Amino acid sequence: MDKFETKVKVMKAPPPRKRSFWEDSYLPEIIRGLSITAHHFWANMAYHMKRVLGMHPKERQAITYQYPEERRPLSTRVRSLHRLTKREDGTPRCVACMMCETICPARCIYITGAEHPDPNIEKHPVSFDIDLGVCVFCGLCVEACPEDAIRMDTGIFEFAASSREGMIYHIKDLLR
Ligand code: SF4
Ligand code: SF4
């Protein structure tokens, strides 16, 4: 045998364990699975009935939220529909610096800026559109804004539209 040759020890697989009659029939496991399901069903039904009867109005247990009548409380950090913030005189805080448009990874912000009538403010947005059909709700536009002019704290999630154009929100929608 060559000195570099190594012996390979062939490991034999252990013989398969013999299953009992009951294991082969699956019956005990089926009964066990059904009893777990039944336990959850009746427990949830009991919680639900208690809640319906007003015995534990605050106890949620496994009861789901009855959407849309009942809404899940939102986290303070949740990112929802965008809005443009306003100055005291009602004009947008946005100075059309294009930071949000530049950072947006989905390229779904379109801004047209113009000179502001107030000489202390350089620019203002003539148009500010966000295509929500393309937006990925990353929140980078909010992070990038130096003026706190755009926020995603409206708590609005229901903005479905029947056309792609309907998903484009214009400045008047964002200021509302
Ligand atoms: S949330 Fe993200 S994807 Fe949506 S507009 Fe802002 S930067 Fe763009
Ligand atoms: S980053 Fe802020 S100030 Fe700049 S264009 Fe966007 S919303 Fe306006």
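Please read all numbers here as calculations on a predicted model, not as lab measurements. Only this structure's heavy atoms are used, side chains among them; waters, hydrogens and symmetry mates stay out. Sequence positions, counted from 1, serve as the residue numbers for this chain. In each ligand, atom 1 is the first atom listed, and ligand 1 is the first ligand listed.
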Checklist entry - Considering only heavy atoms, does I109 approach ligand 1 within less than 4.0 Å through its side chain, its backbone, both, or neither? => result side chain
Checklist entry - Counting from 1, what ligand 2 atoms have a heavy atom of C100 closer than 4.0 Å? => result 1 (S), 5 (S), 6 (Fe), 7 (S)
Checklist entry - Of the backbone atoms (N, CA, C, O) and the side-chain heavy atoms from C-beta on, which set of H82 has a member under 4.0 Å from an atom of ligand 1: side chain, backbone, both, or neither? => result side chain
Checklist outcome for this item: C97 heavy atoms within 4.0 Å reach ligand 2 at atoms 1 (S), 3 (S), 4 (Fe), 5 (S)
Item to check | Atoms in ligand 2 flagged as close to V95, the criterion being non-hydrogen separation under 4.0 Å | outcome: 3 (S), 8 (Fe)
Item to check | Protein heavy atom at shortest distance from atom 8 (Fe) of ligand 1 | outcome: C104 SG, 2.3 Å
Checklist entry - Taking the six-membered ring for Trp, are the ring centroids of F137 and H82 within less than 6.0 Å of each other? => result yes
Checklist outcome for this item: among protein heavy atoms, the one nearest atom 2 (Fe) of ligand 1 is C138 SG, 2.2 Å
Checklist entry - Between atom 6 (Fe) of ligand 1 and C141, is there an N, O or S atom separated by less than 2.8 Å? => result yes
Checklist entry - For ligand 2, which atoms have a heavy atom of M99 less than 4.0 angstrom away? => result 1 (S)
Next on the checklist: Show me which atoms of ligand 2 lie under 4.0 Å from any heavy atom of C145.
Outcome noted: 1 (S), 2 (Fe), 3 (S), 7 (S)
Item to check | Sub-4.0 Å heavy-atom approach of A144 to ligand 2 | outcome: no
Checklist entry - Counting heavy atoms only, which part of P105 comes closer than 4.0 Å to ligand 1: side chain, backbone, both or neither? => result side chain
Checklist outcome for this item: Within 4.0 Å of some non-hydrogen atom of F137, the atoms of ligand 1 are 1 (S), 4 (Fe)
